[in-house]
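Notes to accompany the following structure.
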2 protein chains.
Amino acid sequence: MERWEKQKRGSQIRWSRAVVGLVLIAALFMVLLMSCSDDEADTGEGAAPSAVSGDAAAIAEARGLTPDDITAALKTYTPSGVHDDYVLFGSGGHSGQVYVVGLPSMRILKKIAVFTPEPWQGWGYGAASSMEVLEEGFVNGNPLTWGDTHHPALSETAGDYDGEWLFINDKANARLAVIDLRDFETKQIVKNPIALNDHGGAFVTPDTEWVIEGGQYAAPLGWEYSSIDNYAEDYRGMVTIWKFDREAGRLVPEESFAMELPPYWQDLCDVGKLVSAGWLFCNSFNTEMATGGVESGNPPFETGASQRDMDYMHIINLDKAIEVAQAGNTFDVKGFPVISLDTAIEEGLLYFAPEPKSPHGVSIAPGGEYMVVSGKLDPHTTVYSFDKIQAAIAAGEWETDVYGVPILDFDDVVEAQVEVGLGPLHTQFDDKGYAYTSLFLEPAVARWSLGGPYADLNEEPDWSLVSKIPVHYNVGHISTAEGDTVSPDGKYLVSLNKWAIDRFLNVGPLLPQNFQLIDINEPGDNLQLLYDMPIPDGEPHYAQIIKADKLSPWEVYPEVGWDPHTQSPSPYATLIGEERIERDGNNVEIFMTAVRSHFTPEHVELQKGDHVTWHITNVEQTYDATHGFTIPLYNINLSIEPGETTTFEFDATEDGVFSYYCTEFCSALHLEMTGYMFIEP
Amino acid sequence: MERWEKQKRGSQIRWSRAVVGLVLIAALFMVLLMSCSDDEADTGEGAAPSAVSGDAAAIAEARGLTPDDITAALKTYTPSGVHDDYVLFGSGGHSGQVYVVGLPSMRILKKIAVFTPEPWQGWGYGAASSMEVLEEGFVNGNPLTWGDTHHPALSETAGDYDGEWLFINDKANARLAVIDLRDFETKQIVKNPIALNDHGGAFVTPDTEWVIEGGQYAAPLGWEYSSIDNYAEDYRGMVTIWKFDREAGRLVPEESFAMELPPYWQDLCDVGKLVSAGWLFCNSFNTEMATGGVESGNPPFETGASQRDMDYMHIINLDKAIEVAQAGNTFDVKGFPVISLDTAIEEGLLYFAPEPKSPHGVSIAPGGEYMVVSGKLDPHTTVYSFDKIQAAIAAGEWETDVYGVPILDFDDVVEAQVEVGLGPLHTQFDDKGYAYTSLFLEPAVARWSLGGPYADLNEEPDWSLVSKIPVHYNVGHISTAEGDTVSPDGKYLVSLNKWAIDRFLNVGPLLPQNFQLIDINEPGDNLQLLYDMPIPDGEPHYAQIIKADKLSPWEVYPEVGWDPHTQSPSPYATLIGEERIERDGNNVEIFMTAVRSHFTPEHVELQKGDHVTWHITNVEQTYDATHGFTIPLYNINLSIEPGETTTFEFDATEDGVFSYYCTEFCSALHLEMTGYMFIEP
């Protein structure tokens, strides 16, 4: 705790940082000046001697860098052309997208378009490979052109990230998306048939056979109208278990099912692993079944849903639930099979354990032995034992909730409670027997020690608070390197902060979020804040961090004429010399090629009223030789990566002269990569 | 040139960097170890002694940092909570947005939604303040929901950035947008009435009375159908001069006009300043009037438009053109006044100077004396003298092009040519009498010395190449701090590179772009590459860099109930206690408040078929206390910053139970900030 106090003081007393900086830097300047020119000479290399001698110290002094700043700079700076060690996949929150960030540099390497059209990537601006995916996610023909992405989940093999697939949910409309990490593009969006919002997803089973999507706000299943007066009878929670076909790279709705749950608001889930494999754990809040109505003198949800001391951790026998569903012991909601609450109780699929109220997230320890839950309004984090849970279930003695769900005795299933601080929220793990819990209200991240099989990995007493580090500000989730796997790496922790306030230059009333990179590599009381990274987009809820060498994306598509949606050769592939325009009545089909730096054909003649189907093949196989394509007024923009064949369609409703052109700067003569489309009235 | 060779070698021989690093870092380690613990003790501060002693050296060694890497790290690292010195406004290319980046940290502080809907900012997902702006940019009712942003222009006062407004064009549809830097939000989009694409914009006059939008690919004015066979007769170029009303914060189409130009493809422009104030300069290419048609055996545009040795710099007497337009000496295209080519010639508004072929950009020196042009296929940069241009015009002797436009004699108007290298593209200036030209083909940035009034600012001979620094890769535009003003700051240069290739981890076939930060603060042969910054979005064409302290955005809106579109109090402002739902037949109007952490009302009861108008006021005045708002299935998402009142409308077409909720994490009880909308069938 000493360091915690120090750091807190340090961040408050800015001038003292400056003093430390000046004194230390003066020293640094002197000693470097004495030593480094000789060393320079030894190297025989032409770099200016000043580069590491007096210059470095003078720079640090001029910029007011403290000793900690200097080490942080050296730990994060990633020189020109050098690659990062880890890749963070972060939800883009209400941007609807996914962010790809390199660690330790904290540079954004990519934004993956998922639920929201994004013209740079040609996502949702004409290209069939995107339009079909987005349209899968529409409901009753209502376009849904954004999402609220929350929890990205990397695919796993034997409980370890395998770098092949990424899943992400849309809380705002209860949808799941599948991203292929060969080309970092979204391949599928599925709409949950029985709910309009979700939260507890995505989470995968240890071999990614199933993907979990938990619900959030209760509603009648299938969201059919029913008065709020019927809340207890008609409103329900849910969790949906999606089958994933890894070969096809698609979720399979026909082999998926849901479980009806009481109308408590289910929150985050986590899937058991190793000893707890085959089980699923989900949080809940509002077990009060508050129905709001502040305008009528009722307590608002924020207080109505915070009355009881305990909510319920949902303990689900996933393997058995799958058997029950596969046996057809379900009922249908909008054609989708649902295991009823009664069946779940009868078959022993669902148990509750009391949990401190309004928790956000249940985190399974690497070996699967412990489930960690933090009630946001309780300063403790609570550790449940899987063995104890199994024993309590086997003992068969319990009370039930109003729906008849067994409630295990709190004291029977809890292994430990650790007082971590104010507003504990989410827990992650490392390779040294430590857990880390975010503290929304302090705000800080707490390091604490695990017991049991993790006890010997560090020197601290079991189940004890080790250290804290302040974060800025109001941290939600945290993510450690490989943190959700059976073998976390430790090394780095990223704090996903909700408020940035004064951390960055003022850019108007809407501020960026703030990711902070923390060095967790040293044991004990050594936690160092390395980097503030503004995230200029939707609120990033959660992230997973994978070792970079586990990813092996394609540099270019495997062959010229590739359809990225099917990940197979396109029937419309067009090679040089095969370009043509075919007319059949009012239907015109164009087969075009793109190469640095021209399109063929350069003239396209149409009649007003034509229906146009247009295929473009980027015949390049050079890394980074992407071409864009746009036609004014028709709201079309494509990104055609090397080898890709893309197709779009439109009706020629506006006549005139239109210049199509390449939107991705591709060569010195890129501006000349253009052509004319003529639409005769 | 010595350093240029060194740097080139350094980047090729990676192992030698490592050797230098190891040796120097060993020295750094030793000397720091000896000196720093004493200094630590002197400070009385609790920071660990190791933080600047052995640790720093060990870290650098472990990470393979070279001496140059270490200084670059210290020059760019911006400690937690410390603010950047400069702000770069970069076009987001075909993302349709604008990026806001802090220097020297190169962190993205914000993305400003402009032409493309963006749900994080609530831009285009229901909020009237965004829908109205986006709809202004639609054509004939055709939604245009993206743009190809190219050239941001900060507003100026007396030729200096004043930090008040930002303008950006959409090349893909010939539109201009106005962004208010009080809240970093887009306030207006205007569609060019006579053209479907643009390129030479935005550029502002020294007091921002006028904003320039130059054309790109020639077409009949108003884009009316005409066969390509009529190219010389019917197709035309253009430049449009938009009046800006600074008080209203709006471009004024009624006081704006265009000039008809020959069907050469006008490219970038720049506005004269100080001695050349009142004049406008634009590039062009394809003065060959090539019409393409590679599919018919014609040369493709890339070669057809590169036949002649010279294209034409357009020299426009802007002040006089404004007089002519205001006198009504125009013709109408789609109701928009256009000065005809004949009038322009008669009135002496338009002159040509030959320029090396296919240039990209004309850059005016800080004092306005020189116009710098680089033909991409010529290794020289060409410097024109404004005085010589004036003298040549006064002399009145010239040839004309086929349209009768006077062509000044090249030798009469050129001041100097400097051989800078392969593929020169764009030039910027600093405070030391240097110019910088990007070299697309090498790729590199060249520093060269100016003459005339700038000669005494540095030691190098006038008009001579001073140094080069390689960039990675294929640089398009460059931007120096305050580089387009009458008083550039120098210090930093950002190289906007088009290809990233191997600079970052592979993230699939679509790569980020690469911004590189270069230290240009030292004179002579000292240019240091400081930072590679991936830009994970549309191709960033151009950027302007402003001193951070010139910006003074609002932290929250000036009063509760603010309409950000009109920047005035909203008639729908709702305070606590004023919340209500009013029904008039099928029209329902809702007045809601949002505060941490509940909406009032929490129940909204509707009938299927209702038309709903919904106002939400965020009654907070706390910095960063933004609330989001979404309703499932209705594709609505709002960002309601502190004080904002926002309005959206929809028809209740889908019945059922819908949970609306806050999409921006606002408090520990954020998840409870929700309510139910019931739509009875």
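Lettering follows sequence order; numbering is per chain, from 1. Computed from a predicted model, the values in this text were never measured in an experiment.
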[Y] backbone acceptor or donor facing [X] side chain under 3.5 Å:
{"X": "A/D69", "Y": "B/P79", "result": "no"}
{"X": "A/D624", "Y": "B/W499", "result": "no"}
{"X": "A/H83", "Y": "B/D502", "result": "yes"}
{"X": "B/E602", "Y": "A/G293", "result": "yes"}
{"X": "A/N173", "Y": "B/L633", "result": "yes"}
{"X": "A/R63", "Y": "B/Y77", "result": "yes"}
{"X": "A/E302", "Y": "B/S597", "result": "yes"}
{"X": "A/E295", "Y": "B/E579", "result": "no"}

Hey, does [Y] have a side-chain heavy atom less than 4.5 Å from the side chain of [X]?
{"X": "B/L669", "Y": "A/F301", "answer": "no"}
{"X": "A/W146", "Y": "B/T630", "answer": "yes"}
{"X": "B/T626", "Y": "A/P509", "answer": "no"}
{"X": "B/L65", "Y": "A/L74", "answer": "yes"}
{"X": "A/L510", "Y": "B/K110", "answer": "yes"}
{"X": "A/P119", "Y": "B/T116", "answer": "yes"}
{"X": "A/L505", "Y": "B/V87", "answer": "yes"}

About how many Å separate [atom2] of [Y] and [atom1] of [X], when rounded to the nearest 0.5 Å?
{"X": "A/Q216", "Y": "B/L671", "atom1": "CD", "atom2": "CG", "value": "5.0 Å"}
{"X": "A/R107", "Y": "B/F504", "atom1": "CZ", "atom2": "CZ", "value": "5.0 Å"}
{"X": "A/L511", "Y": "B/L109", "atom1": "CG", "atom2": "CG", "value": "10.0 Å"}
{"X": "A/E680", "Y": "B/S227", "atom1": "CD", "atom2": "OG", "value": "8.5 Å"}
{"X": "A/I59", "Y": "B/T71", "atom1": "CD1", "atom2": "OG1", "value": "5.0 Å"}

Checking heavy atoms, do the side chain of [X], its backbone, both or neither come under 4.5 Å from chain A?
{"X": "B/Y217", "value": "both"}
{"X": "B/E185", "value": "neither"}
{"X": "B/N197", "value": "side chain"}
{"X": "B/D84", "value": "both"}

Taking every non-hydrogen atom, the tightest pair across [X] and [Y]:
{"X": "A/E539", "Y": "B/E664", "result": "OE1-C, 4.0 Å"}
{"X": "A/G508", "Y": "B/P553", "result": "N-CB, 3.5 Å"}
{"X": "A/L196", "Y": "B/V657", "result": "CD1-O, 3.8 Å"}
{"X": "A/F678", "Y": "B/S226", "result": "CD2-O, 4.2 Å"}

Where does [X] contact chain B at under 4.5 Å (heavy atoms): side chain, backbone, both or neither?
{"X": "A/Y531", "result": "both"}
{"X": "A/D537", "result": "both"}
{"X": "A/E118", "result": "side chain"}
{"X": "A/D267", "result": "side chain"}
{"X": "A/P300", "result": "both"}
{"X": "A/S306", "result": "side chain"}
{"X": "A/V100", "result": "side chain"}
{"X": "A/E644", "result": "neither"}
{"X": "A/S639", "result": "side chain"}
{"X": "A/K376", "result": "side chain"}
{"X": "A/D183", "result": "both"}

Looking only at side-chain N and O atoms, does A/T663 offer a donor or acceptor that is under 3.5 Å from a partner on B/D148? no
Side-chain donor-acceptor contact under 3.5 Å, B/S80 with A/D532: yes
Output the option from [options] having the highest count of non-hydrogen pairs under 4.5 Å with chain A.
{"options": "B/S659, B/G96, B/G675, B/A172", "value": "B/A172"}
{"options": "B/K75, B/H94, B/E672", "value": "B/H94"}
{"options": "B/S296, B/A174, B/P143", "value": "B/P143"}
{"options": "B/A219, B/G423, B/C666", "value": "B/C666"}
{"options": "B/T600, B/V556, B/I108", "value": "B/I108"}
{"options": "B/N140, B/N506, B/L551, B/V294", "value": "B/N506"}

Interface residue of largest heavy-atom contact number with chain B, from [options], under 4.5 Å:
{"options": "A/Q121, A/Q516, A/E654", "result": "A/E654"}
{"options": "A/I501, A/D655, A/L441, A/V139", "result": "A/I501"}
{"options": "A/Y623, A/W223, A/W265", "result": "A/Y623"}
{"options": "A/G476, A/A668, A/A305, A/S358", "result": "A/A668"}
{"options": "A/G643, A/P512, A/P632", "result": "A/P632"}

Apply the side chain to side chain donor-acceptor pair (under 3.5 Å) test between A/T145 and each candidate in B/N637, B/N635, B/T145; give the one that qualifies.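 With A/T145 as partner, B/N637, B/N635, B/T145 yield a single side chain to side chain donor-acceptor pair (under 3.5 Å), made by B/N635.
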Please confirm whether A/Y676 and B/Y235 have ring centers closer than 6.0 angstrom. yes
Any chance the rings of A/F440 and B/F665 have centres within less than 6.0 Å? yes
